[in-house]
Structures are given as C-alpha cells and as structure tokens.
Enquirer: 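Sharing a structure with you now.
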Number of protein chains: 2
Amino acid sequence: MRVKSRSEEVVNAIGKDIVNGVISPGERLPKVEELSEDYGVSRTVMREALQGLAARKIIRANQRSGTVVLPRNEWQLWDLSVMSWLSESEQRNEKFLLDLTEVRLGLEPDAAALAAKNATEEEKAKITACFERLEQTLDDPKAWAAADYDFHLSIIEATNNQLMAGLLKLLHKGLILSREKTVTSLNEHTELQQEQPTTEILNRHRNLYEAVISGDAEQAKSVMTDMILRVRQLIEATQEQQI
Amino acid sequence: MRVKSRSEEVVNAIGKDIVNGVISPGERLPKVEELSEDYGVSRTVMREALQGLAARKIIRANQRSGTVVLPRNEWQLWDLSVMSWLSESEQRNEKFLLDLTEVRLGLEPDAAALAAKNATEEEKAKITACFERLEQTLDDPKAWAAADYDFHLSIIEATNNQLMAGLLKLLHKGLILSREKTVTSLNEHTELQQEQPTTEILNRHRNLYEAVISGDAEQAKSVMTDMILRVRQLIEATQEQQI
DNA sequence: AATTATTTGTCCGTATGTATG
DNA sequence: CCATACATACGGACAAATAAT
C-alpha cells in the first residue's frame, strides 16, 4: 500500500476546503508560515502542497500580494484528485454525475467505433478475455462491476488515440468515485445505483463486443450510445426518487 | 507580465526531456542532489519541480529506490503544460493534432446542441457579440483567428456543463499550440494551416450561430460536425503534402 | 532475520526578490 | 522612492522507508 506524503495530505485537505466553499474563489489564503502552523507541517511541505494546488489551477501565488483562490472555471477538473474532492462534496453531486455522463455520451460511442476500426489482434484478445469475465460474473454484482470496468477499459485502450483513452479512463474513475459517494449517502437505494447485472444487460454487452471484434464501427457506436443512455435514465430516475 | 518561478522552469525542462525521450518511461532519474546541481537550483526548488511532475503523473518518487518515469499511458495529457511539451515535440505532432480533432468531433457537436438547449439570454448576447466580431474581421486572418476562438468559446461556455466546458477550453488551447508549432516548422504551407476566412466559412458560422440562438439543437450539432470534419480534411491534406 | 546503505521526505534558520501602498 | 509584507530560494541537518547485504 502506497503511503501518502504529508504534502499530498495537505493538498487534499486544502483542496476539499476550497471545493466545499470554506475558502471561496477570489479570497486570499493565509501566508505560508501561518498555513504551515495551521496544518502542523513545515513551510517546505506547505510550499510543495501549494505548488500541487497551483498545478491544478486551483490557486495562484503572487509575490507580495499573497496566494488567491482562482475562479471555478479555471480549475483543472480533469484531474483525479479534483474529481474526488468534487464527488465527496455534499452539494450537487448528482449534477456532477450527469455532467460526466454527458461527456461520456459524446466520447465513448466514438471510442467504440475507433476501437472497432483500429483494434489490433492483441487488443481484440484482451477485449475477448474481458467479455468472458463478464459472462462468468453475472451472479456476483461486485465482481461484475469490476469486470464491467475492465471491459470498457479494454475497448477504450484499443482506440489508438491516447488522448481519448486517457480522458475516458479518468472519466470512468470519476464515475466510480461519484457513484460510491452517492451510494454511501443514500444506501437505502443501493439496488438502483449499482446497475443490477441481468442477462439482458449482458446481451447488450455481447452486442457491443461482437460489433467491435467484427470491425463494425457503426454498430459499435450505436450500441454504446444506447448503453450510456440507459445508464443516464437510471441516474435521472434515482434522482427523482430522492426528492 | 508573469514571471516564471525556477521550479516552473525546471518542470518544463525535465518535462520536455521526458516527452522527447531523453529519459524514457521506466528509467530512473538521478537523485535530487544531483539533479539540483545539474539544473543549478537548490534541492528545495528541485523537489517542488518533481512534485509538479508527479502531480501530472509523469514521474513517481519512491524512497530509497528513487524517482522513475511512469509509462506514457499514465501521463496526465489533459494538462496545458503537458500538451505544450507534446506539441513542441518533433515526433508525431500531426498525430497529436488528429487525436485532438477526434476528441473534438465527439464533444463539440454535443456541446453546441447543449448550448442551443441551455443558453441563457446573457450567454446568447455574448455569442451574438462574438459572431458580429467574426463578421467584422473577415479580411484580417489574424484577428479572425482570435475572434473564431472566442466565438467557439462563447458557445462552449453556454453548455451549462462545467466539465465539458473545461475540457473543450483546454482542447482549443491545445489545438492552437499544435497549429502554431506545425506552422512554424513548415511555414511554406502557412496558408493551408491557417484556415483562410472566406464568406463561405463565415456562412457556416452563421448557420451555427443561428441554430444555437434559435434553440435548434439538432441543427447546431449537425453544422458543428460538418465544420470540424472540414478542418480534419484540411489537416489530412496538409499532412499528405508533407510526404 | 538483522544490519546497513541509499534515497526520498521533512524541518528550519536565513537570505533574496518583488509587487504594493 | 521608500518601506513593508509576502513569496521565493538556499542549504545543512535529521527522519523514514526500503533495497541490498
């Protein structure tokens, strides 16, 4: 298990505070010396932490005038740490989930089409292995969720477009984070959040799988679109139930 | 003018070296003391720089066993610094441009549709102002390029989806970086790289503009798709000419 | 299983640079 | 143009982790 360094811990602590509005955009942070006292770390560690936040465009340091929180639209949202802070944030977690799904809807069908067109034999073998794992874990929701993740990943990685693959990998991790949070916050509805694996869903995956393997880009795109639309409906339905 | 700190300079220097293969994934970096000597900075600064690279998942530091370069697929490509290193990289800059365009093709038509559906009056006014600037700069390619950027941005920001907006903003910046590099590396073909503003192109923008303002999501999506496809053809044509 | 060597991680005293009032 | 307040930079010391012996 990887141990977090102190600067990482501080990055997370301050990052969460900013996301949750404890410190708002435009406001100034205390000076480094104070901050390091507040968090019980040395100035060195605090400076490294601030640099970590600056790299994510959460803050900007200015000599003499101090370090300020940048406006929200500057933040580097496509960063796993930032996403985890957002998904843990109390407010509007569902909006975050829907926004992610919107992006997913734009990209993943295209990614599936690219995979159908570009996948090498090696990549196809990996996709096949992942699909077979899906078939075998139909009765174990937890194992199925993991297998589902890997299945989608194997398709994403076959796109031969690293930019798209990197993005979708991050997106899927964000989806998991966000779903985890939603599930734990209202565990009465757990069955709804965790997509229940059924033979019907497996068949959808089979359609996608066969389209990709046979190189049918149009079909792969269309099946993927339907799959994501279904997930979105599920999210929206759960949301309404919350009211 | 903003002055770069030393650690930022070092981040860029090492980042570029890694992207250009001077140091390859899996390889170990010299220890901090050596590095700080090599680059003529203190260990403090070097540590901050390494933290900046670690935040972008370019490297990982391990106690005792040293700091290693992570595999390419771990890199945080959706980061302006990383994109700038990639676009300056000699090798396969065109692939980078095409990959970006692929992602753009997935997202921006959807973004246009969302903007048509969700834009507030205020946002529509901004889009209108940007479009009028386009009309006025038809005879000045440089001013037109800037106006074109702002026009697309004004639509992106009207999506009411911060995740998508942040992504597309980054993507457009990446496109500009990459195009700049391509243009300077082969300035014989400048006319081809820089899309020449014509009344026909303006009319395409007008179609997009009117679709968004009138709330016709389908039309907005379709026009945007056509526009990006044209750009892609242009890139591919220029590429073939290079051979 | 215990020891050592190597490298990152942490702390702090001090000095310099820079934008603001 | 000066003073002030802050970030930035330096370097020596020590702590912690872990690969090698």
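Fair warning: this is a prediction, and the values are worked out from it, not measured in the lab. In what follows, chains carry the letters A, B, and so on, assigned in the order in which the sequence lines appear, proteins first and then strands, with residues in each chain numbered from 1.
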Enquirer: Using the 3.5 Å cut-off, write out each protein N or O paired with an N or O of nucleotides 10-12 of chain C and the distance between them.
Expert:
residue	atom	partner	partner atom	Å
C/dT10	OP1	A/R6	N	2.7
C/dC11	OP1	A/R6	NH1	3.3
C/dC11	OP2	A/S42	N	2.8
C/dC11	OP2	A/S42	OG	2.8
C/dC12	N4	A/T44	OG1	2.9

Enquirer: Using whole Å, what does the distance between atom P of nucleotide C/dT20 and atom CZ of A/R28 come to?
Expert: 12 Å

Enquirer: Could you tell me the separation between the CG atom of B/L29 and the P atom of C/dT7, rounded to a whole number of Å?
Expert: 13 Å

Enquirer: Measure the distance from CD on B/E33 to P on C/dT8 and round it to the nearest whole Å.
Expert: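 Checked: the CD to P distance equals 9 Å.
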
Enquirer: Report all interatomic pairs (protein N or O, nucleotide N or O of nucleotides 19-21 of chain D) with separations under 3.5 Å.
Expert:
residue	atom	partner	partner atom	Å
D/dA19	N3	B/R64	NH1	3.4

Enquirer: Ring-plane angle category for A/H205 and A/F151, please: parallel below 30°, perpendicular beyond 60°, tilted otherwise.
Expert: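 Because their plane-to-plane angle lies in the 30° to 60° range, the rings of A/H205 and A/F151 count as tilted.
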
Enquirer: Under the salt bridge (Lys or Arg N to Asp or Glu O under 4.0 Å) test, which residues partner B/K173, sequence neighbours left out?
Expert: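 B/K173: no salt bridge (Lys or Arg N to Asp or Glu O under 4.0 Å) contacts found.
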
Enquirer: Tell me every residue that passes salt bridge (Lys or Arg N to Asp or Glu O under 4.0 Å) with B/E74, counting only those two or more places apart in sequence or in another chain.
Expert: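 B/E74 satisfies salt bridge (Lys or Arg N to Asp or Glu O under 4.0 Å) with no residue once adjacent residues are dropped.
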
Enquirer: If I take atom CG in residue A/N62 and atom P in nucleotide C/dT20, what distance separates them, rounded to the nearest angstrom?
Expert: 8 Å

Enquirer: With sequence neighbours excluded, tell me which residues meet salt bridge (Lys or Arg N to Asp or Glu O under 4.0 Å) with B/E135.
Expert: B/R206

Enquirer: Output the rounded distance in Å from CD (B/Q51) to C1' (C/dT8).
Expert: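 Taking CD of B/Q51 and C1' of C/dT8, I get 13 Å after rounding.
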
Enquirer: Could you tell me the separation between the CD1 atom of B/I59 and the C1' atom of C/dG9, rounded to a whole number of Å?
Expert: 14 Å

Enquirer: Starting at NZ of B/K31 and ending at P of C/dG9, how long is that distance when rounded to a whole Å?
Expert: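 Spelled out: NZ on B/K31 to P on C/dG9 is 15 Å.
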
Enquirer: Scan residues 122-134 of chain A for pairs that pass side-chain hydrogen bond (donor to acceptor under 3.5 Å, both in side chains), counting only residues two or more places apart or in two chains.
Expert: A/T120-A/E123, A/T128-A/Y209, A/R133-A/D150

Enquirer: Residues two or more places apart in sequence or in another chain: which of them pass side chain to side chain contact (heavy atoms under 4.5 Å, CB included) with B/K57?
Expert: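 Testing B/K57 for side chain to side chain contact (heavy atoms under 4.5 Å, CB included), a comparison that skips the adjacent residues, returns B/L70.
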
Enquirer: Identify, with sequence neighbours excluded, every residue that meets side chain to side chain contact (heavy atoms under 4.5 Å, CB included) alongside B/R72.
Expert: A/Q162, B/W75, B/L86

Enquirer: Rounding to a whole Å, what distance do you find between B/M46:CE and C/dG9:P?
Expert: 14 Å

Enquirer: For the backbone of A/V22 and the side chain of A/N20, can you confirm whether one donor and one acceptor N or O come within less than 3.5 Å of each other?
Expert: no

Enquirer: Side chains of residues 34-51 of chain B: which donor-acceptor partners sit under 3.5 Å, not counting sequence neighbours?
Expert:
residue	atom	partner	partner atom	Å
B/S36	OG	B/V32	O	3.2
B/S36	OG	B/E33	O	2.8
B/S42	OG	B/V45	N	3.3
B/R47	NE	A/E48	OE2	3.0
B/R47	NH2	A/E48	OE1	3.3
B/R47	NH2	A/E48	OE2	3.4
B/E48	OE1	A/R47	NH2	3.2
B/E48	OE2	A/R47	NE	2.8
B/E48	OE2	A/R47	NH2	3.3
B/Q51	NE2	A/E48	O	3.4

